[in-house]
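One-based numbering, in listed order, for ligands and for the atoms of each.
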Amino acid sequence: MINLVLFGKPGAGKGTQAAFLKEKYNLVHISTGDLFRYNIKNQTDLGTLAKSYMDQGDLVPDQVTIDMLEAEVDRNPQAAGFIFDGFPRTASQAKALDNFLAGKSMEITATIALEAHDDILVKRLLERGLTSGRTDDQDESKIRNRFEEYNNKTAPLKSYYEGQNKFHSVNGIGTIDEITERLTQLIARL
Ligand code: AMP
């Protein structure tokens, strides 16, 4: 079983690459951002709560996010493995994920961070915002706040996973195919 975590700031290409890795390794792709957006679209209570944070570029509270993620893993008991995209984003989410997986005799195989400079990411996100309709992609101050959240809360997870020998990073600048190739080569060496 392969269970991967994809890290990277907003716009780093996590969703794009996850879609490829999911096919190649037969994994279930779980994106917490997509799950929140699904709930917003369907006007659930969870969606209403999440929207109030997402619209500001803030993280949704941990317990709500953890509960949603665990429910989604439980919905896929036959999975050959998972690719977690946008989760964990905080230390308590990382610990909750480890405990949850351990309870199922599962574990994270590796975490991979897609690295790119902020200015390139802002440009990508503003372009995406023109077509995606995502309000959090249309305003540079909200984008910068999402980077701040990443720097403050998610970047420290690097040392958490380094402590488990599970942290890798990949240059996220290049064509989609080039980055896919870098990821494939890295996963082959795991
Ligand atoms: P994403 O699609 O991964 O860029 O996520 C969009 C937004 O959803 C984020 O800016 C957060 O507001 C929220 N979100 C997604 N995943 C998480 C998470 N693991 N923890 C807290 N908030 C999250």
May I ask you to list the atoms of ligand 1 that are less than 4.0 angstrom from any heavy atom of Q93? 18 (C), 19 (N), 20 (N), 21 (C)
State if K153 counts as touching ligand 1 under the rule of any non-hydrogen atom under 4.0 Å. no
Does any N/O atom on D58 come nearer than 3.5 Å to any N/O atom on ligand 1? yes
Atoms in ligand 1 flagged as close to V60, the criterion being non-hydrogen separation under 4.0 Å: 13 (C), 21 (C), 22 (N)
Quick one: does any side-chain atom of T44 pair with a main-chain N or O of I40 as donor and acceptor, under 3.5 Å? no
Over 60° means perpendicular and under 30° means parallel, so classify the ring planes of F87 and F84, tilted if in between. tilted
Honestly, is K166 close enough over Y161, meaning NZ or CZ under 6.0 Å from the six-membered ring centre and within 45° of the axis? no
Within the distance-only criterion (no hydrogens, no angle test), does the side chain of T32 pair as donor or acceptor with the backbone N or O of G86 below 3.5 angstrom? yes
Which protein non-hydrogen atom lies closest to atom 13 (C) of ligand 1, naming both residue and atom, and how far is it? M54 CG, 3.7 Å
T32, any N or O under 3.5 Å of ligand 1 N or O: yes
Within a distance under 4.0 Å of any heavy atom of R37, pick out the atoms of ligand 1 and give their elements. 2 (O), 6 (C)
In ligand 1, the atoms that come under 4.0 Å of a heavy atom of T65 are 18 (C), 19 (N), 20 (N), 21 (C)
If I apply the N/O under 3.5 Å rule, does P10 come out as touching ligand 1? no
Any N/O of R89 closer than 3.5 Å to an N/O of ligand 1? yes
Look only at the side chain of R89 and the backbone of T154, and say whether a donor-acceptor pair between them is shorter than 3.5 Å. no
Which is it for R134 and ligand 1 at heavy atoms under 4.0 Å: side chain, backbone, both or neither? side chain
Roughly how far, to the nearest 0.5 Å, is the CG atom of D85 from the CG atom of D34? 6.5 Å
Can you see which heavy atom on G129 is nearest to which on D137, and at what distance? CA-CB, 3.6 Å
Which atoms from ligand 1 have a heavy atom of G33 less than 4.0 Å away? 2 (O), 5 (O), 15 (C), 16 (N)
Nearest-0.5 Å distance, CG of residue N152 to OG1 of residue T90: 12.5 Å
Among all protein heavy atoms in this structure, tell me which lies nearest to atom 23 (C) of ligand 1, with the distance rounded to 0.1 Å. F36 CE1, 3.8 Å
Is a donor from one side chain sitting under 3.5 angstrom from an acceptor on the other, for D98 and Y160? yes
Looking at ligand 1, does K14 have a heavy atom less than 4.0 Å from it? no
